[in-house]
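Nothing here was measured: the structure is a model prediction, and the numbers come from that model. Values below: every heavy atom of this structure, side chains too, minus hydrogens, waters and symmetry copies. Chain naming here is simple, since letters A, B, ... match the order of the sequence lines and numbering starts at 1 in each.
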Protein chains: 2
Amino acid sequence: MPVAGWDMEQKQRVAEKSPQAMPRPGGRAARIQAAVFKAVDELKQAGEELTVPAIATRAGVTPSTIYRRWGTLAELLSDVAVRQLRPDAAPPDSGDWRADLKGWLEQYAEEMASEPGRAMIRDVLAADRVDNACACSAYTGQQLDVIRQRALDRGDSPPDTAVLMDRVVAPVIYRILFGRETPGGEYVAGLVAEVLRDGEG
Amino acid sequence: MPVAGWDMEQKQRVAEKSPQAMPRPGGRAARIQAAVFKAVDELKQAGEELTVPAIATRAGVTPSTIYRRWGTLAELLSDVAVRQLRPDAAPPDSGDWRADLKGWLEQYAEEMASEPGRAMIRDVLAADRVDNACACSAYTGQQLDVIRQRALDRGDSPPDTAVLMDRVVAPVIYRILFGRETPGGEYVAGLVAEVLRDGEG
DNA sequence: CTCTAAAAGCAAATTATTTGCTTTAGTGGA
DNA sequence: TCCACTAAAGCAAATAATTTGCTTTTAGAG
């Protein structure tokens, strides 16, 4: 049973429990994982075929290393996709949290509906790795929490994160995954307007 | 470029345009497709490994037939999953459409959250076949339409199908796909209660 | 500095996929 | 009814991917 590629959260979590249980960040395991992830990115960029042998060659690694660590190409791609889906910055702060929420969702919808975005979601889901899928919604929840916290700091009462996930995130993702056309700006704005109308004290 | 397995809708659609363009329903193409689909079902039942050679053997067909018709195992499994996701009956009619809606959603959530259900959704999505994913939401929409039509017949004004998809179906599917735990009965009932409160008259 | 366990490399064996060519089944026209 | 014609299936050889047993390397512990 191969050990999944370690990401930072996992390191964190395990390290808390048993500080001795992790390879050093600069160790071989981490180096190889980085090389493989980079190889996948580069091949994707170059539009080359993503096969385990091709990735292995690019990463300067032997295919059996990848098979033993990740099991299948799908699981490797799932891990890669989760990393790429991790947000790199907090949502912008305009001072108006409602506008920030609307702006954030518009950008989120656009990114996820793009061809690369759709491919990443597919990759995450294709590999029956519950943790990876959960990480994606956790990232989204964290972004929403940032916006909500600003509202709370100003004494406002924004909808719960769970409500926002149900009312704005879920419909957008559902339409991206199961719909023929991608959710447009008016649609997204409508979702936000409705949840703000219904959901605030 | 392999031609995807024909399903009834496609036949219908093409047949309308050019009555001569389809193989007969009892023709070889249909027979082979049926044999392959059956083979997949049987292997799944038996818990055997699903590989193209295994499916081909079981179907009494040569692997290259499958590769040329479907391209990849993922696409074949996607086609199989869509067929299985097609509802086999209209939602039960108790005379109370609100109760029917709640009951239908509870059963839908349970089915989709089950391990076979999750696998089918994954299979449908894994194969970047927009038509297959769309068919799934179309089936769901049709079921909702049946319930709505009963409400309309009684002079009630149920929420639009699109609203129901956004407010009840999407959150359930989102949680199944991206959540750690499956949506429970209380949660589902809550979604229905809210959309009925917000969305009517 | 050595010892150990985990993970990587290597190569052979197995399995899956692709491909060129041949054969067959269904369709339309004489 | 019979004869082409086309699309799809069969077959088998060639290629590519995956698995596996064994050896070697590496990081970390004593």
Atom-to-atom span, CZ of Arg31(B) to C1' of dG26(C) - whole angstrom: 10 Å
Donor on one side chain, acceptor on other, Glu75(A) and Asn132(A), under 3.5 Å: no
Rounded to whole Å, how long is the line connecting atom CD1 of Ile32(B) with atom C1' of dT23(C)? 13 Å
Specify the separation, in whole Å, of atom CD1 of Ile55(B) and atom P of dT15(C). 17 Å
When you look at Gln33(B) and Trp70(B), which way does the side-chain contact (heavy atoms from CB on, under 4.5 Å) test go after all the steps? CA-CA 10 Å; Gln33(B) 174 173 322; Trp70(B) 281 279; 4.2 Å; yes
Checking all strands, does Thr51(B) fall into the base, sugar-phosphate, or nothing category for heavy-atom contacts under 4.0 angstrom? sugar-phosphate
On the side chain of Arg68(A), is there an atom forming a donor-acceptor pair with the base of dG21(D) - under 3.5 Å, no angle test? yes
Here's a test of your reading of the structure: between Leu73(A) and Ser64(B), which maps to the more 5' nucleotide of DNA chain D? Ser64(B)
Can you tell me how far C1' of dT23(C) sits from CZ of Arg28(B), to the nearest Å? 9 Å
Taking only side-chain nitrogens and oxygens of Arg69(A), does any of them come within less than 4.0 Å of OP1 or OP2 of dA8(C)? yes
Check whether any side-chain N or O of Thr65(A) sits under 4.0 Å from OP1 or OP2 of dG9(C), and answer yes or no. yes
For Gln149(B) and Asp145(B), does a side-chain donor sit closer than 3.5 Å to a side-chain acceptor? no
Please report the distance, rounded to the nearest Å, between CH2 in Trp70(A) and C1' in dA8(C). 12 Å
Round to the nearest Å and state the distance from Leu50(A) atom CG to dA17(D) atom C1'. 15 Å
Please give, in whole Å, the distance from dT18(D) P to Glu49(B) CD? 13 Å
Under 4.5 Å between any side-chain heavy atoms of Phe37(B) and Ile55(B), yes or no? no
